[in-house]
2 protein chains.
Amino acid sequence: MNQEERPRYLRIADELAARIAKGELREGDKLPSIPQLTRDYGVSANTAQAVIRTLVSDGLAVAKSGSGTYVRKRAQVRQLVRSWNRNARGGSPFAGEMATQGRIGSWDYDSRTAQAPAEVRERLGLDEPSGDEPDVVRTDYVFRGDGEPVMLSTAWEPLAITRGTPIVLPEDGPHAGQGVVERMRQIGINVTHAAEAVSARPATAGEARQLDIAAGAILLTITRTYYADTQPVETAHILIPTDQYQVVYGTSIWDEPPPAD
Amino acid sequence: MNQEERPRYLRIADELAARIAKGELREGDKLPSIPQLTRDYGVSANTAQAVIRTLVSDGLAVAKSGSGTYVRKRAQVRQLVRSWNRNARGGSPFAGEMATQGRIGSWDYDSRTAQAPAEVRERLGLDEPSGDEPDVVRTDYVFRGDGEPVMLSTAWEPLAITRGTPIVLPEDGPHAGQGVVERMRQIGINVTHAAEAVSARPATAGEARQLDIAAGAILLTITRTYYADTQPVETAHILIPTDQYQVVYGTSIWDEPPPAD
DNA sequence: TCGAATTTGTGCGTATGTATC
DNA sequence: GGATACATACGCACAAATTCG
């Protein structure tokens, strides 16, 4: 039946993608609507819909319900500097970062006690869970710059460390929003170092919605853990869309320890 | 009609995703089939199909036509530590990194003089090019662990710095393969700091072939620049497949080395 | 302000192809 | 070959959002 091996909706999507790559369709241009595609290619509305869905999930287009589907505009790439020097006293690290870009940082959050998932449990060095007993405070963040979402984060802090202290809720109390290093210092814990594991993957539908990006757009994933000596005191997942932000790590060479053994 | 605001297929996908996260469904387990979903949730096959499609495109499951849909197995992810402490004297940084994993590091390279592209030109602070005059040494690398490609890199060094010195070719002469910091030290240049800008994008066909990965797999892209005070002395593009490697940045709040593991 | 037209999003039912077991 | 299951594709309907007269 099919002369070509590739499915119909993919071939149509390819053709539109090629027209975008060629510059025939430019950023912001309107793509053919679903009824248009059914006429142009003699396919059903359902198949035309699959074409749209493919282009959107490949990040080439954005669909606006009730309006149309448009060639995606690529945002200007900004930089997020991840430097520990910046985590100085007072003020939020994120707000500081945004301020250097001349933008206003803000964030929503939602804290609750919970039982840590296995992966987090391992990173924090927690024992086996006992029943349904919560053992961490989990906080979900949406960080914004000038009101636009720029970063998602989920942080876990062991209740074994913070239970009964004034900083048990990261975004509540006198030291709210000042960052982990400063907050831990308030309860006598000196955060000595941190590690960030960086990877990347496509955004899930839910993440795409929260970040207001195309489904399937690529996210940098950072897994950060703070340590007080050998004791992990906080770990977090951080999600950053790569089409808007680069993450910059910088450091000095002359701080290096004596020659390796 | 909908009591809930989220579409039916997303709610079902969420439920399955939650069961995966909770460990109720483990890697390799079979998910409910489409007919099963239609019975369990009273939806049409079309909607059940949308559930599967969502889980697959979110990377949680793999669909095997004729067999079933299974919870995705995550390949074992190795870590590449990008720590400046490790750039100690003697030996190659990459070989050292591989050695800590019990693997043998090796690399192919190809050096030539060239005129730097605009983007590199900017990062190195080079003047406008004069005619066809080459102004950098460009070196392309394929790094391997136990013979398998794990990383691609392209490095540029200004001829204005290295011309006429014994280290003009990075992989030739007495200090070959010892890393930029050590090589520059041989000609009296003290590399003081570095910056790495991290992002990610799908692999091109050529990159996929060189790295022996699927076309379109996601690559971490690192743009690294070494500085001697304010003078850039080398810059490089580094490409790392995310399904095999994570990149770990560690540093200390008090200038201590990062945690052992 | 209202309503009609357009467009995407979701969902139903059905049929066929094709891969796996 | 037969049963099962995913993939593609048709037809239809309605909801929700947007646009525009």
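Chain naming here is simple, since letters A, B, ... match the order of the sequence lines and numbering starts at 1 in each.
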Flag side-chain contact, heavy atom, 4.5 Å: B:V198 against A:V248: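 Of all side-chain heavy-atom pairs linking A:V248 with B:V198, none is under 4.5 Å.
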Output every pair passing side-chain hydrogen bond (donor to acceptor under 3.5 Å, both in side chains) with a member in residues 41-50 of chain A, not counting sequence neighbours, ordered by first then second residue. A:E15-A:Y41, A:S44-A:T47
Is the ring pair B:W107/B:F143 parallel, tilted or perpendicular, if the boundaries are 30 and 60 degrees?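 The rings of B:W107 and B:F143 sit tilted, inter-plane angle from 30° to 60°.
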Using atom types as modelled, flag every donor-acceptor pair under 3.5 Å from a side chain in residues 26-34 of chain A to any protein atom, sequence neighbours excluded.
from  : atom 1 : to    : atom 2 : distance (Å)
A:E27 : OE2    : A:R74 : N      : 3.4
A:D29 : OD2    : A:R26 : N      : 2.9
A:S33 : OG     : A:Q36 : N      : 3.3

From the set D:dA7, C:dG11, D:dA5, return the single nucleotide nearest to any side-chain atom of B:P7.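 So the side chain of B:P7 is nearest to C:dG11.
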Against the side chain of B:V43, the closest entry in C:dC12, D:dC10, C:dA19 is C:dC12
Are the charged groups of B:E148 and B:R103 less than 4.0 angstrom apart, N to O?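 No salt bridge links B:E148 with B:R103.
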Using whole Å, what does the distance between atom [atom2] of nucleotide [N] and atom [atom1] of [X] come to?
X: A:Y70; N: C:dT6; atom1: OH; atom2: C1'; answer: 10 Å
X: B:I34; N: C:dT16; atom1: CD1; atom2: P; answer: 18 Å
X: B:R6; N: D:dA15; atom1: CZ; atom2: C1'; answer: 18 Å
X: B:Y41; N: C:dT10; atom1: OH; atom2: P; answer: 18 Å
X: B:R8; N: D:dA15; atom1: CZ; atom2: C1'; answer: 16 Å
X: A:Q36; N: C:dA5; atom1: CD; atom2: P; answer: 18 Å

Residues within residues 44-54 of chain A bordering DNA chain D, heavy-atom distance below 4.0 Å: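 Heavy-atom contacts with DNA chain D come from A:S44, A:N46, A:T47.
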Are any side-chain N or O atoms of A:T100 and backbone N or O atoms of A:E97, one a donor and one an acceptor, separated by less than 3.5 Å?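 At least one qualifying donor-acceptor pair exists.
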Within the structure, does a side-chain N or O atom of A:Y9 lie under 4.0 Å from either OP1 or OP2 of D:dT8?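 Yes, such a contact exists.
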Does A:T69 have a side-chain nitrogen or oxygen under 4.0 Å from the phosphate oxygens OP1 or OP2 of C:dT8?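 True: A:T69 side-chain N/O within range (under 4.0 Å) of C:dT8 OP1/OP2.
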Per side chain to side chain donor-acceptor pair (under 3.5 Å), A:T154 is matched among A:T139, A:D140, A:D110 by A:D140
Which residue, A:K64 or B:P32, contacts DNA chain D at a nucleotide closer to its 5' end, judged by nearest heavy atom? B:P32
